[in-house]
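Input: a single structure, listed below in structure tokens.
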Amino acid sequence: DAPEYTEHMDQTTYPGKGSHLRRIESLHISRANFIVTTTKRDADYCALLNPHATILTAPNIVSLEPTNNDTNEDQRKRADMLAKHKLSSGRLTLAFVGDCRYQPNAQGIIWFIDSVFDKLHKDVKEMLSIKIFGNGSLDFAKDWSRDEIVFCGYAESLDSAYADVDFSLIPLLQGGGSRLKAFEAIERSIGIITTPKGCEGINIDTLTPFVHTFTCPESFAEAIKAAYGQIRDVNSATQRERILG
């Protein structure tokens, strides 16, 4: 992985009282005989602290199985996933939806803006419109808003947050949750632009080519250009179908 991505993953980012919780967690891990984790990364971390423990990994999500017998209709449905988006503003619209006061989410947002977005070429930035919804999101507005990034606070519903969104943005560096952000996007036939951690445990091969991963500004720019091209191409095909009947 890119150095900037792994560097942030390996840092201890628990401010204030959180650092005490981390020490308590480490103490319990070091004394346990049996440990159950939800990700391989957590299992490796526990093994480092306590090499004599029996450690099991039990993911708290269900992987999506590959589709082996696609019909033409199945293929068409996947191709139409992005057809409802119009790029009316000429920009690719991304949305992050989550509790921004939850440490892994907050860390991911700050890392994304500081270490990825701010280092993009202006031509790539101008392709984007990014919306960030959720509890505490307005707390970021003063220091982290950009011309292309808007902190929106609460949304009336998930559907309203994802309305007119082209891709879901999931810039997570840590956390062992159930990847609800990814499943919310999948349920709404919205593509995903994510770090490897953001879709950990999900068989994203079944969602190809509508999931793009990144770990640094360069791979994010590649993901954006590919996603923008997908939206543009599908829109062009949809317009041709309308014209030709």
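No hydrogens, no waters, no symmetry mates; every other heavy atom, side chains included, goes into these values.
- Between S189 and Y162, the closest side-chain pair of non-hydrogen atoms is not below 4.5 Å.
- Closest approach of A185 to I192, counting heavy atoms only: CB-CG1, 3.8 Å.
- With respect to the salt-bridge test (charged N to carboxylate O, under 4.0 angstrom), the residues E222 and K225 do not qualify.
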Test side chain to side chain contact (heavy atoms under 4.5 Å, CB included) on R41 and Q174 and set out the steps. CA-CA 9 Å; R41 178 172 176 267; Q174 61 177 323; 4.1 Å; yes
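- A salt bridge does not link E184 to K181: none of the charged nitrogens lies less than 4.0 Å from a carboxylate oxygen.
- K40 NZ to T57 OG1: the interatomic distance, rounded to the nearest 0.5 Å, is 8.0 Å.
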Just do the side chain to side chain contact (heavy atoms under 4.5 Å, CB included) check on I130 and R146 with the steps written out, would you? CA-CA 9 Å; I130 301 175; R146 304 290 188 266; over 6 Å; no
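- Taking SG of C46 as the start and CD1 of I29 as the end, the distance is 4.0 Å to the nearest 0.5 Å.
- Taking the side chain as every heavy atom from C-beta outward, V36 and F34 never approach each other to under 4.5 Å.
- A distance of 9.5 Å separates CD1 of I55 from CG of L48, quoted to the nearest 0.5 Å.
- Note on W144: it clusters hydrophobically with L169, by side-chain heavy-atom contacts below 4.5 Å among ILVMFWY residues.
- Checked by atom type and distance alone, the side chain of R31 never pairs as donor or acceptor with a backbone atom of N50 at under 3.5 Å.
- Among T195, T215, V116, the single residue meeting the side chain to side chain contact (heavy atoms under 4.5 Å, CB included) criterion with F220 is V116.
- One distance of note links CG of L120 with CD1 of I113; it measures 11.5 Å at 0.5 Å rounding.
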Starting from the C-alpha separation in whole Å, work towards a yes-or-no answer on side chain to side chain contact (heavy atoms under 4.5 Å, CB included) for I170 and F96. CA-CA 6 Å; I170 312 178; F96 173 89; 5.5 Å; no
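- Among all heavy-atom pairs drawn from A155 and A161, the shortest one is CB-CB, 3.8 Å.
- Taking CE of M127 as the reference point, atom CG of L92 lies at 7.0 Å (rounded to 0.5 Å).
- Under the 4.5 Å side-chain heavy-atom criterion for grouping Ile, Leu, Val, Met, Phe, Trp and Tyr, V165 is connected to L158 within one hydrophobic cluster.
- Residues F133 and V150 fall into different hydrophobic clusters, defined by Ile, Leu, Val, Met, Phe, Trp and Tyr side chains chained together at heavy-atom separations under 4.5 Å.
- Counting only heavy atoms from C-beta outward, the side chains of E126 and H121 never approach each other to under 4.5 Å.
- Between R188 and D159 a salt bridge is recorded (basic side-chain N to carboxylate O distance below 4.0 Å).
- Here the shortest heavy-atom pairing between A32 and I35 reads CB-CG1, 3.8 Å.
- The distance from the CG atom of D166 to the CD1 atom of I190 is 8.5 Å, given to the nearest 0.5 Å.
- Here the side chains of C100 and N105 are not in contact, with every heavy-atom distance at 4.5 Å or above.
- Note on ring orientation: taking the six-membered ring where Trp is involved, the planes of F167 and H212 are tilted (angle from 30° to 60°).
- Between F112 and F117, the two ring planes are tilted [angle within 30° to 60°].
- Closest of all the heavy-atom pairs between P196 and F214 is CD-O, 3.5 Å.
- I193 and A223 make their closest contact through CG2-CB, 4.3 Å (heavy atoms, listed as atom of the first residue, atom of the second, distance).
- Closest heavy-atom contact between D114 and K119: O-CE, 4.0 Å.
- I109 and L138 fall into different hydrophobic clusters, defined by Ile, Leu, Val, Met, Phe, Trp and Tyr side-chain heavy atoms under 4.5 Å apart, directly or through other members.
- A heavy-atom distance below 4.5 Å is found between the side chains of I110 and F140.
- Under 4.0 Å is where a charged nitrogen must lie from a carboxylate oxygen, and between D147 and K125 no such pair does.
- With C199 as reference, T194 is the one residue of T194, I186, L172, T213 to meet the side chain to side chain contact (heavy atoms under 4.5 Å, CB included) rule.
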